[in-house]
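This is the structure, below, for whatever I ask next.
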Amino acid sequence: MDNKNITKILKLTAQLMELHEVNTFKIRSYTSAIYSIDQGNISLEKLDKEALQKINGIGKSIAEVIVQLQETGTHEYLEELLKETPKGLLEVLEIKGLGPKKIKTLWKTLHITSVHELLEACQSGEVAKIKGFGKKTQESIIQSLEFMASNQGKWHYADVEEAVETLHDDLVQLFGDDAVSLTGAYSRKNEIIEQVEWLIKSEDPKAVFKKLSSLKPLQQDKKTSSPFTWRGKLGERDLSAVIFVTSPSTFVNEQLLRSASRAHLLAPLEDGTPLGSYFKAGQFESQEAAYKAAGLAYVVPELREGQFEIALAKENKLPVLLEEKDLKGILHNHSTYSDGKHTLKEMADYCQELGYEYLGISDHSRTAMYAGGLDIDKVVEQQAEIKRLNEEMAPFRIFSGIESDILVDGSLDYPDEVLASFDFIVSSIHSGLSMTRKKATARLIKAIENPYTTILGHPTGRLLLRREGYPVDHKAIIDACAENKVVIEINANPWRLDLDWRWVHYAMDKEVMLSINPDAHEKKGYFHMKYGVLTGRKGGLTKAMTLNAMGVQAIGEYFDKRKENIKK
DNA sequence: GCCGTTTTCGGCCCGACTGTTTTCAGTCG
């Protein structure tokens with residue numbers, strides 16, 4: 001069992017302990033053990049009881065618990081707690097804004113033991129009447145429940161990627177490369193996937209179904225399947241999967257129709273025919289040939305969203321999209337100076353090992369106490385270390401940055417002379433997230449207008465499927481970035497992907513550059529760059545408009561020049 | 001339950017934010 005799953009179970013244990021009012025210091029032990037595991041970079045997988053106890057915060061009993069987890073997937077104490085807990089309450093624990101204490105109150109006073117009962121109690125106004133609760137709490141519970149319901153059965157692209165790619169390889173093995181095609185939202189590299197779809201070319205659907213039944217990760221739902229359409233689930237995740245079987249004569253038509261979004265297919269051609277109707281009626285050798293016949297340049301699947309691509313395809317002006325290999329460096333990363341798992345040197349070494357020319361380190365600024373934000377002394381210390389490492393590692397270079405909190409009033413988190421000591425600054429909002437659109441926009445614009453802001457970090461603060469971002473006026477933000485020559489981050493963490501791809505094209509139109517930033521808190525975080533590239537590509541991002549596609553020298557000059565302009 | 005010692009028992013206790021209160025409790029990152 002990996003660290004992530006271990007801490008997940010320990011967290012559940014701690015929550016249940018709170019629910020059952022176990023000694024608070026005992027609970028604290030669990031939470032501090034979790035913190036220690038999260039922060040450290042020691043894999044617990046192969047450690048025995050003795051080795052576990054050497055880790056700060058883990059003593060005899062928690063070590064025993066972890067050993068049990070490794071051996072059985074659960075532990076005795078957890079099982080005991082679960083026995084005393086109504087099953088439905090476990091789901092209630094997932095609700096944002098509700099902790100164990102409040103849940104206990106709901107359980108003991110209103111006898112609520114499930115999400116369903118909770119929703120009813122909120123709707124009837126019972127919850128607001130309890131001491132310690134109020135109308136706002138009741139309203140926010142309803143909102144959370146609605147948000148959760150709307151996200152049922154949806155997954156992050158990155159979460160399903162491995163299962164999808166593995167099955168795709170299996171399908172290719174079974175049916176041949178030219179007879180299998182991924183379609184749907186996944187083929188367009190959408191950030192959220194509700195269903196994965198394939199198209200299989202065959203005259204004999206029965207034979208196809210038979211072969212499919214040999215694939216272990218697939219479980220067919222016979223009720224919803226039909227003679228040409230296999231429906232069911234993929235893998236343990238309960239991911240909805242559909243496999244269409246189509247004859248060779250309509251394979252290309254189906255590929256075109258099933259890979260594009262509705263908006264793309266509704267786009268009219270010169271004579272007014274919707275593209276979808278044209279694709280349906282015609283006979284084509286290949287997808288490329290179909291676009292050509294329609295008088296369009298070839299549109300890659302990820303652009304088939306009905307945004308701007310048809311107009312550009314008509315004029316043969318589709319951009320050459322950014323590729324991962326175009327990226328020369330990685331900006332916006334954290335180290336052990338704040339809440340990262342690996343040291344500055346480890347982060348730099350690994351970055352160099354992956355073939356990049358530079359690393360931008362931007363730990364949290366001092367206001368971010370929860371993340372070990374750097375006070376001014378630490379900033380000085382880190383910059384000295386960067387200077388030393390740069391001498392050692394040349395021509396590789398570390399740029400000294402900071403992820404400065406944008407404070408509630410829109411100002412940055414250090415006095416000007418400290419801000420001036422960095423090569424670049426990523427300005428982001430981390431606290432005070434519940435704002436009106438007007439307030440959030442004004443706060444961001446003030447930070448954008450600060451001459452020290454180089455990059456605007458995750459502009460909406462959203463966490464996909466978990467938290468809506470604060471509402472912002474995207475146009476106003478992008479316009480302000482254009483005016484102040486501020487780069488906008490495409491935060492490549494699959495939970496964020498923020499700036500959203502739907503705004504990338506507008507930003508480029510305004511000549512705002514974008515930066516693909518992994519926001520890495522550990523070495524393997526660099527691999528998220530890939531999802532940032534996908535996001536950029538969906539918005540039509542080019543190499544020329546990507547900040548970190550610049551080589552080390554060019555970006556060094558870019559940072560210097562920006563700083564010179566501040567002095568003037 | 002963990003830690004650290006003034007060494008086997010006593011202390012442990014983040015800070016901002018929100019919504020409830022009207023000085024605080026609960027939650028979150």
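In what follows, chains carry the letters A, B, and so on, assigned in the order in which the sequence lines appear, proteins first and then strands, with residues in each chain numbered from 1. For clarity, every value in this text was computed on a predicted model and none was experimentally measured. As a basis for the values below, the full set of heavy atoms in this structure was taken, side chains included, without hydrogen atoms, waters or symmetry mates.
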### Query
With nearest nucleotides of DNA chain B determined for A:Asn56 and A:Ile130 from heavy-atom distances, which residue corresponds to the more 5′ nucleotide?
A:Asn56
### Query
In terms of side-chain heavy atoms, does A:Asp413 have a donor or acceptor partner in A:Ser365 at a distance below 3.5 Å?
yes
### Query
Is there aromatic stacking of A:Phe25 against B:dC2, centre distance under 5.5 Å, plane angle under 30°?
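Stacking is absent between B:dC2 and A:Phe25, given that the ring centres and planes do not meet under 5.5 Å and under 30°.
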### Interatomic distance at C1', B:dT23 relative to B:dC17, whole Å
16 Å
### Nearest-angstrom distance from the residue atom CD1 of A:Ile95 to P of B:dG26
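To the nearest whole Å, that distance equals 18 Å.
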### Query
Among B:dG1, B:dC17, B:dT27, which nucleotide sits nearest the side chain of A:Ser431?
B:dC17
### Residue closer to the 5' end of DNA chain B, A:Gly134 versus A:Lys101 (nearest nucleotide)
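The answer here is A:Gly134.
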### Message
So A:Ile490 and A:Trp501, do their side chains get closer than 4.5 Å, heavy atoms only?
### Response
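Not touching, per the 4.5 Å side-chain cut-off.
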### Task
Could you work out which one of B:dC2, B:dG29, B:dT27 sits closest to the side chain of A:Ile62?
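Per side-chain heavy atoms of A:Ile62, the pick is B:dC2.
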### Task
Among B:dC13, B:dG19, B:dC2, find the nucleotide with the atom closest to the side chain of A:Lys60.
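Among B:dC13, B:dG19, B:dC2, the one nearest the side chain of A:Lys60 is B:dC2.
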### Message
Give me the distance, rounded to whole Å, that separates B:dT8 from B:dT18 when you measure between the P atoms they each carry.
### Response
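So the two P atoms sit 47 Å from each other.
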### Message
Looking at B:dG29, which nucleotide sits across from it as a Watson-Crick or G-U wobble partner, both distances under 3.5 angstrom, or is there none?
### Response
B:dC14
### Task
Would you kindly check if the NZ (Lys) or CZ (Arg) of A:Lys475 is within the cone defined by 45 degrees around the ring axis of A:Tyr506 and under 6.0 Å from the six-membered ring centre?
yes
### Task
Compare the minimum distances between each of B:dC2, B:dG26, B:dG19 and the side chain of A:Ser61, then state the nucleotide with the smallest one.
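My answer, after comparing the listed nucleotides, is B:dC2.
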### Query
B:dC2 C1' sits how many Å from A:Ile66 CD1, rounded?
13 Å
Could you pull out every donor-acceptor pair under 3.5 Å between side chains of residues 92-101 of chain A and any protein atom, sequence neighbours left out?
none

### Query
With sugar-phosphate meaning primed atoms plus P, OP1 and OP2, does A:Lys104 contact a base, only sugar-phosphate, or nothing at under 4.0 Å between heavy atoms?
nothing
### Task
Would you classify A:Ser434 as touching base, sugar-phosphate or nothing, given that sugar-phosphate means primed atoms plus P, OP1 and OP2, and contacts are heavy atoms under 4.0 Å?
sugar-phosphate
### Task
Starting at atom CZ of A:Arg467, determine the distance to atom P of B:dC28, rounded to an integer number of angstrom.
12 Å
### Task
For A:Lys96, answer base if it contacts any base atom (sugar-phosphate contacts may also be present), sugar-phosphate if it contacts only those atoms, and nothing otherwise; contact means non-hydrogen atoms under 4.0 Å.
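A:Lys96: backbone/sugar contact only, no base atoms under 4.0 Å.
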### Query
From B:dT20, B:dG26, B:dG1, pick the nucleotide closest to the side chain of A:Lys136?
B:dT20
### Task
Look at all strands and tell whether A:Ile27 reaches a base, only sugar-phosphate, or nothing, counting heavy atoms closer than 4.0 Å.
nothing
### Message
Which nucleotide wins on minimum distance to the side chain of A:Val408, given the candidates B:dC17, B:dG19, B:dG29?
### Response
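The nucleotide sitting nearest to the side chain is B:dC17.
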### Query
Rounded to whole angstrom units, what separation is found between the CG atom of A:Leu19 and the P atom of B:dG26?
13 Å
### Message
Distance to the ring centre below 6.0 angstrom and angle to the axis at most 45 degrees; does that hold for A:Lys328 and A:Tyr358?
### Response
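Geometry flag: not set, cation outside 6.0 Å or 45°.
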### Query
Which is true for A:Leu433 with a 4.0 Å heavy-atom rule: it touches a base, it touches only sugar-phosphate, or it touches nothing?
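If one applies the 4.0 Å heavy-atom cut-off, A:Leu433 turns out to touch nothing in the nucleic acid.
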### Query
Which of these nucleotides, B:dG19, B:dG29, B:dC17, is closest to any side-chain atom of A:Thr137?
B:dG19
#### Entry: Residue A:Pro100, side-chain heavy atoms: nucleotide from B:dT27, B:dG1, B:dC17 that is nearest
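Taking heavy atoms from C-beta onward, the closest nucleotide is B:dT27.
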### Task
Select base, sugar-phosphate, or nothing to describe what A:Ile55 touches, counting heavy atoms under 4.0 Å on all strands.
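Contact class for A:Ile55: sugar-phosphate only.
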### Cation-aromatic face contact A:Lys341/A:Tyr350, 6.0 Å, 45 degrees
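No, A:Lys341 and A:Tyr350 do not form such a contact.
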### Query
When the distance from CZ of A:Arg28 to P of B:dC3 is rounded to whole Å, what number comes out?
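Computing the A:Arg28:CZ to B:dC3:P distance gives 14 Å.
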